[in-house]
Engineer: 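Mind looking over this structure? Questions follow.
Here is the naming used below: chain letters follow the sequence lines, and residue numbers restart at 1 for every chain.
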Protein chains: 2
Amino acid sequence: MKYDFEESVGVWLTLAHQSYSRAIAERLLPHGITFRQAQVLGFLELDGPQTQSELAGKMMIEPPSLVGVLNRMERSGLVERQCCPDDRRCNSIHLLPSAEALWQQVAECARQVRTAAVRGMSGAEIAQLKRLLTKVNENVSDF
Amino acid sequence: MKYDFEESVGVWLTLAHQSYSRAIAERLLPHGITFRQAQVLGFLELDGPQTQSELAGKMMIEPPSLVGVLNRMERSGLVERQCCPDDRRCNSIHLLPSAEALWQQVAECARQVRTAAVRGMSGAEIAQLKRLLTKVNENVSDF
DNA sequence: CTAAGATAGTTAACGCGTTAACTATCTCTC
DNA sequence: GAGAGATAGTTAACGCGTTAACTATCTTAG
């Protein structure tokens, strides 16, 4: 009773995910930014200044994971931690001017990869892919 | 011109992949083993003693990434690095007795998650999922 | 046979993920 | 108003991924 490494959803999933994130990382590299940092930029751009917990929630990582990302981004002068006056436990994360310019380029990278990923697929196929991936997600989430 | 985080293949892919690997990790935890260590076990079980480069290739990680995994597995008494007599640059990685027993349980975990992932999907849908994921992989690999 | 190049493995430096444990601060209840 | 509990952020310890640079060893060409 052998375990077949080749014929498992897990393998296809891993392969696709790996190529995808590698493609984004490679395109982001020349801009001196990582995928996670780009995501922070995106959410701040989209929803304005917000809390670390909020950001971590949207990025679907644990708060401690965000600490390092923000430290590096602060060091690069992209964002700023600003203490909330009404709740001194919170930090409000703000974009700095240099980040605004960068965001346009970063968004373009993401858009390119996103477009490339579904090249040659019909609308119906894309919808189907989404449906099946969502299904896998559900199946596996609730154990 | 906003970047839509919700409606991208990347997001669906990430979500599915995350749940999947989390599900495996959770099931493996009680056995005191990680996903990567389980993979090493699997490939050694399947193909017998082999080189670190070979292993890294099959796991699709870089050789330096494997070093730490093997160090920890050696520390746990699961595997052994054995110097190849015919080519003294290579290490031949061997399973130790305690690993043999563990493997049965680990394989069962993987099988459970793999089965759960496609629950409620027809054979045609699974084939379609594979086809689409492979397509995404190809699309994005060759830039 | 020797010098040059390829290959196997390691280390170092970095980024990022986790959980557990800690510090502040806020909130809620008595 | 004081003590108990919830919440925001951090740190520490761990696992794992990368690239670049280094050490051995083997191979190959001259």
Engineer: Regarding Gln39(A) and Lys58(A), do their side chains bring together a donor and an acceptor under 3.5 Å, going by distance alone?
Structural biologist: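 Checked: Gln39(A)/Lys58(A) side chains show no N/O donor-acceptor pair below 3.5 Å.
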Engineer: Can you tell me how far C1' of dT19(D) sits from CG of Leu66(B), to the nearest Å?
Structural biologist: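 Leu66(B) atom CG is separated from dT19(D) atom C1' by 16 Å.
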Engineer: Can you tell me if the side-chain N/O atoms of Arg22(A) get under 4.0 Å from OP1 or OP2 in dT19(D)?
Structural biologist: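 No, no such contact exists.
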Engineer: Taking CD from Glu74(A) and P from dG15(C), how many angstroms apart are they, rounded to a whole number?
Structural biologist: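 In whole Å, dG15(C) P and Glu74(A) CD are 15 Å from each other.
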Engineer: Choosing from dT18(D), dC16(C), dT25(D), which nucleotide comes nearest the side chain of Arg89(B)?
Structural biologist: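 Within the option list, the nearest is dT25(D).
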Engineer: Starting from P on dG17(C), measure out to CZ on Arg72(A) and report it in whole angstrom.
Structural biologist: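 Spelled out: CZ on Arg72(A) to P on dG17(C) is 9 Å.
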Engineer: Measure from the side-chain heavy atoms of Glu62(B) and tell me the nearest of dC16(D), dT19(C), dT19(D).
Structural biologist: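 The listed nucleotide nearest to Glu62(B)'s side chain is dT19(D).
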Engineer: For the side chain of Ile61(A), starting at C-beta, report the closest nucleotide among dA12(D), dT10(C), dG17(C).
Structural biologist: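 Nucleotide nearest to Ile61(A)'s side chain: dG17(C).
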Engineer: When all nucleic acid strands are considered with a 4.0 Å heavy-atom cut-off, which category describes Thr34(B): base, sugar-phosphate, or nothing?
Structural biologist: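 Touches sugar-phosphate only.
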Engineer: Please state how far atom NE2 in His17(A) lies from atom P in dG17(C), giving the value in whole angstrom units.
Structural biologist: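 Atom NE2 in His17(A) sits about 10 Å away from atom P in dG17(C).
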Engineer: Taking the side chain of Pro63(A) as heavy atoms from C-beta outward, which of dC16(D), dG9(C), dT10(D) is closest to it?
Structural biologist: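 When the side chain of Pro63(A) is considered, dT10(D) is the closest of dC16(D), dG9(C), dT10(D).
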Engineer: Does the distance from a Lys or Arg side-chain N to an Asp or Glu carboxylate O, for Arg131(B) and Glu125(A), drop under 4.0 Å?
Structural biologist: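 Yes, Arg131(B) and Glu125(A) are salt-bridged.
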Engineer: side-chain contact (heavy atoms from CB on, under 4.5 Å), that's the test. Do Ile93(A) and Leu44(A) meet it? Break it down for me.
Structural biologist: CA-CA 8 Å; Ile93(A) 311 298; Leu44(A) 289 177; 3.8 Å; yes
Engineer: Identify, between Pro85(A) and Met60(A), the residue whose nearest nucleotide on DNA chain C lies closer to the 5' end.
Structural biologist: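 Taking each residue's closest nucleotide, the earlier one in sequence belongs to Met60(A).
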Engineer: Please confirm whether the shortest side-chain N or O distance from Arg75(A) to OP1 or OP2 of dC14(C) is below 4.0 Å.
Structural biologist: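 The answer is no; no side-chain N or O of Arg75(A) sits under 4.0 Å from OP1 or OP2.
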Engineer: Examine distances only and state if a side-chain atom of Asn139(B) and a backbone atom of Ala117(A) form a donor-acceptor pair shorter than 3.5 Å.
Structural biologist: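 Yes; judged by distance alone, with no hydrogens or angles, the pair exists.
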Engineer: If you compare every side-chain N and O of Gln52(B) against the phosphate oxygens of dT10(C) (OP1, OP2), does one of them come in below 4.0 Å?
Structural biologist: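 For dT10(C), OP1/OP2 do have a side-chain N/O of Gln52(B) under 4.0 Å.
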Engineer: Send over the distance from Gln39(B) CD to dG15(D) C1', rounded to a whole Å.
Structural biologist: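 The distance from CD of Gln39(B) to C1' of dG15(D) comes to 14 Å, rounded to the nearest Å.
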Engineer: The side chain of Arg88(B) lies closest to which of these nucleotides: dT19(D), dC16(D), dT25(D)?
Structural biologist: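 Between dT19(D), dC16(D), dT25(D), the one nearest the side chain of Arg88(B) would be dT25(D).
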Engineer: Can you give me the closest heavy-atom contact between Arg22(A) and Met60(B), atom names plus distance?
Structural biologist: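 Looks like NH2-O, 4.2 Å.
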Engineer: May I ask you to verify if any side-chain N or O of Ser53(A) is less than 4.0 angstrom from the OP1 or OP2 atom of dG9(D)?
Structural biologist: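 Checking dG9(D) against Ser53(A), a side-chain N or O does come within under 4.0 Å of OP1 or OP2.
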Engineer: Of all the choices, dT10(D), dT11(C), dA24(C), which nucleotide is nearest to the side chain of Pro64(B) once you look at every atom?
Structural biologist: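 It is dT11(C).
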Engineer: Between dT18(C) atom P and Met59(A) atom CE, what is the distance in whole Å?
Structural biologist: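 Atom-to-atom, Met59(A) to dT18(C), this comes out as 10 Å.
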Engineer: Starting at CG of Leu55(A) and ending at C1' of dA8(D), how long is that distance when rounded to a whole Å?
Structural biologist: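 Spelled out: CG on Leu55(A) to C1' on dA8(D) is 13 Å.
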Engineer: Among the candidates dG9(D), dT25(D), dT18(D), find the nucleotide nearest to the side-chain atoms of Thr51(A).
Structural biologist: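 For the Thr51(A) side chain, the nearest candidate turns out to be dG9(D).
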Engineer: Taking all non-hydrogen atoms of both residues into account, name the closest pair between Leu28(B) and Ala38(B) and its distance.
Structural biologist: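 Closest pair (atom of Leu28(B), atom of Ala38(B), distance): CD2-CB, 3.8 Å.
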Engineer: Side chain of Arg36(B), heavy atoms from C-beta onward: which of dT10(C), dC26(C), dC16(D) has the nearest atom to it?
Structural biologist: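 Closest nucleotide among those given: dC16(D).
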Engineer: Does Val67(A) or Asp86(B) map to a spot on DNA chain D nearer the 5' end, using the closest nucleotide for each?
Structural biologist: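 Looking at DNA chain D, the more 5' nearest nucleotide goes with Val67(A).
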Engineer: Using OP1 and OP2 only, check whether a side-chain N or O of Ser65(A) sits under 4.0 Å from dT18(C).
Structural biologist: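 Yes.
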Engineer: Rounded off to whole Å, could you give me the CG-to-C1' distance for the Asp87(B) and dT27(D) pair?
Structural biologist: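 It works out to 10 Å between those atoms.
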